[in-house]
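I have placed the structure first, in the form of structure tokens, so that the comments after it can refer back to it.
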Amino acid sequence: MINFENLTGQKLTEIIDDAIEVKHNPEKYRNAMDCMSLAMIFQKSSTRTRVSFEVAMTQLGGHALYIDWRTTNFTIADVYDETQYLSRNVDCIMTRLKKNADLQVMTKASLVPVINGCDEKYHPCQAIADLMTMKEKKGMLKEVKLVYIGIHNNVCNSLIEGCIKTETKITTVTPIFNEPSRDEKLLETARKTGLYETTLNVKQAVKDADFVYTDTWVDMEFFLDPKYAVEKEKRVKLMMPYQINKELLKESDAYIMHDMPIHRGYEIDQEVIESPKSIIYEQSENRLHSAKAILLELLGKH
Ligand code: CP
């Protein structure tokens with residue numbers, strides 16, 4: 001699962017519904033992954049993706065291996081060859097790679113399902129948890145309106161893709177486009193559905209939103225990088241008028257979402273994170289339940 005391109009809306013909805021079901025009845029799935037192993041390969045840092053998939057495998061009766069890319073021979077060999085080997089020893093691979101191109105090679109080489117744990121283009125596991133959280137709150141996704149405010153990035157792409165597949169309305173307010181994330185084909189498809197629109201009128205966009213969502217303005221691998229300091233400063237200056245804060249939300253009754261990690265005082269104000277309408281921590285908890293649903297689906301155990 002690189003993104004949702006090859007997933008029907010019905011299948012995506014099934015995974016979302018399964019995630020809700022698994023959340024309420026975890027004991028039914030205690031042995032679903034008996035004797036199964038998940039390899040988790042990380043080229044970049046992670047809290048939620050790593051923890052949720054590792055705990056998911058444990059709670060499903062299986063086993064997960066955390067593999068730091070830098071400690072493996074992926075660094076000195078061909079991604080294709082190393083994946084050929086790996087997929088002969090495990091039942092599934094979940095990976096966070098810097099380049100979607102490497103993920104494509106890995107998917108081609110693997111004999112077992114490969115899950116995209118976030119690359120520069122997509123973050124499908126996050127979008128499934130997000131849609132699950134929205135469905136829990138509203139009881140449905142059709143006609144619900146999500147407003148994404150921030151940088152047009154990998155998370156934004158997967159939200160657009162997930163929303164159009166589930167007939168959820170999505171408006172993006174993204175003054176900056178992260179070029180490595182660009183997927184014109186996806187945007188073209190999204191535009192044709194009538195479910196996706198983009199605007200810079202942030203005040204108007206949030207007025208009738210059911211959910212307002214934001215994400216970091218700087219990709220995780222660049223956040224502390226001194227070489228990226230000038231670009232970071234430029235982005236902060238340009239994006240500050242789009243911060244999610246009390247003033248922006250004064251005419252909105254929307255739930256507030258963020259995929260985390262949060263940068264308090266930048267893309268979102270402290271007060272909003274702690275407000276009664278914030279569902280950020282529930283959303284992050286749902287990474288676990290949705291990880292289970294993804295594994296159950298891909299390993300034919302659902
Ligand atoms: N949202 C998310 O993917 O969190 P991590 O980067 O901590 O995995």
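Residue numbers start at 1 and run along the sequence shown.
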>> Show me the pairs that pass side-chain hydrogen bond (donor to acceptor under 3.5 Å, both in side chains) and involve residues 24-35, at least two apart or across chains.
In response: Glu21-Asn25, Glu21-Lys28, Glu21-Tyr29
If you look at every heavy atom in [X] and [Y], which pair is closest and at what distance?
{"X": "Thr49", "Y": "Gly117", "answer": "CG2-O, 3.8 Å"}
{"X": "Ser45", "Y": "Arg96", "answer": "O-NH1, 2.8 Å"}
{"X": "Leu288", "Y": "Ser52", "answer": "CD1-O, 3.5 Å"}
{"X": "Ser290", "Y": "Ala19", "answer": "CA-CB, 3.7 Å"}
{"X": "Ser87", "Y": "Ala109", "answer": "OG-O, 4.2 Å"}

Does one side chain, of [X] or [Y], offer a donor that lies under 3.5 Å from an acceptor on the other?
{"X": "Asn157", "Y": "His123", "answer": "no"}
{"X": "Gln283", "Y": "Asp130", "answer": "yes"}
{"X": "Asn153", "Y": "Glu120", "answer": "no"}
{"X": "Asn245", "Y": "Gln243", "answer": "yes"}
{"X": "Asn100", "Y": "Gln104", "answer": "yes"}
{"X": "Thr172", "Y": "Thr198", "answer": "yes"}
{"X": "Arg287", "Y": "Gln126", "answer": "yes"}

> Applying salt bridge (Lys or Arg N to Asp or Glu O under 4.0 Å), which residue pairs with at least one partner in residues 140-159 are found, sequence neighbours left out?
Replying inline: Lys142-Glu167, Glu143-Lys169, Lys145-Asp208
>> side chain to side chain contact (heavy atoms under 4.5 Å, CB included) for Leu299 and Met36? Distances and angles first, verdict last.
In response: CA-CA 10 Å; Leu299 294 171; Met36 289 185 146; 4.2 Å; yes
>> I'd like to check the side chain to side chain donor-acceptor pair (under 3.5 Å) partners of Asn6; sequence neighbours left out, ordered by chain and number.
In response: none
Between [X] and [Y], is there a side-chain N and carboxylate O pair less than 4.0 Å apart?
{"X": "Arg264", "Y": "Glu274", "value": "yes"}
{"X": "Lys138", "Y": "Asp210", "value": "yes"}
{"X": "Arg191", "Y": "Glu197", "value": "no"}
{"X": "Asp68", "Y": "Arg70", "value": "yes"}
{"X": "Asp253", "Y": "Lys277", "value": "yes"}
{"X": "Glu231", "Y": "Arg235", "value": "yes"}

>> What verdict does the side chain to side chain contact (heavy atoms under 4.5 Å, CB included) test give for Leu141 and Met134, after you've listed the backbone C-alpha separation in whole Å, the side-chain angles of each residue and the deciding distance to 0.1 Å?
In response: CA-CA 7 Å; Leu141 288 172; Met134 290 161 62; 3.8 Å; yes
> What's the verdict on side chain to side chain donor-acceptor pair (under 3.5 Å) for Ser37 and Asp91, showing C-alpha distance, side-chain angles and the deciding distance?
Replying inline: CA-CA 5 Å; Ser37 294; Asp91 301 282; 4.7 Å; no
>> I'd like to check the salt bridge (charged side-chain N to carboxylate O under 4.0 Å, His left out) partners of Arg182; sequence neighbours left out, ordered by chain and number.
In response: Glu179, Glu184
Quick check: are there more than 12 heavy atoms from other residues, nucleotides or ligands sitting under 6.0 Å from [atom1] of [X]?
{"X": "Lys234", "atom1": "NZ", "value": "no"}
{"X": "Tyr266", "atom1": "OH", "value": "no"}
{"X": "Lys232", "atom1": "NZ", "value": "yes"}

>> Once ring pair (Phe, Tyr, Trp, His ring centres under 6.0 Å) is applied, what residue pairs with a partner in residues 31-53 remain, sequence neighbours excluded?
In response: Phe42-Tyr66
> Is there a side-chain contact between Ile170 and Leu195, using heavy atoms and a 4.5 Å cut-off?
Replying inline: no
> Hydrophobic cluster mates of Val112, side-chain heavy atoms under 4.5 angstrom, ILVMFWY only, any path?
Replying inline: Ile2, Ile41, Leu65, Ile67, Trp69, Phe74, Val79, Tyr80, Tyr85, Leu86, Val90, Ile93, Leu97, Leu103, Val105, Met106, Val114, Tyr122
> Can you check side chain to side chain donor-acceptor pair (under 3.5 Å) on His258 and Thr214, steps first, answer last?
Replying inline: CA-CA 5 Å; His258 190 307; Thr214 190; 5.5 Å; no
> Rounded to the nearest 0.5 Å, how far apart are NZ of Lys135 and OG1 of Thr166?
Replying inline: 8.5 Å
> Between Tyr255 and Lys137, is there a cation-pi geometry (under 6.0 Å to ring centre, at most 45° from the normal)?
Replying inline: yes
> side chain to side chain contact (heavy atoms under 4.5 Å, CB included) between Tyr281 and Ile273: does it pass, once the steps are laid out?
Replying inline: CA-CA 9 Å; Tyr281 301 128; Ile273 302 166; 3.6 Å; yes
> Should Val22 and Gln59 be marked as a side chain to side chain contact (heavy atoms under 4.5 Å, CB included) after you check the CA-CA gap, both sets of side-chain angles, and the distance that decides it?
Replying inline: CA-CA 11 Å; Val22 175; Gln59 293 186 358; over 6 Å; no
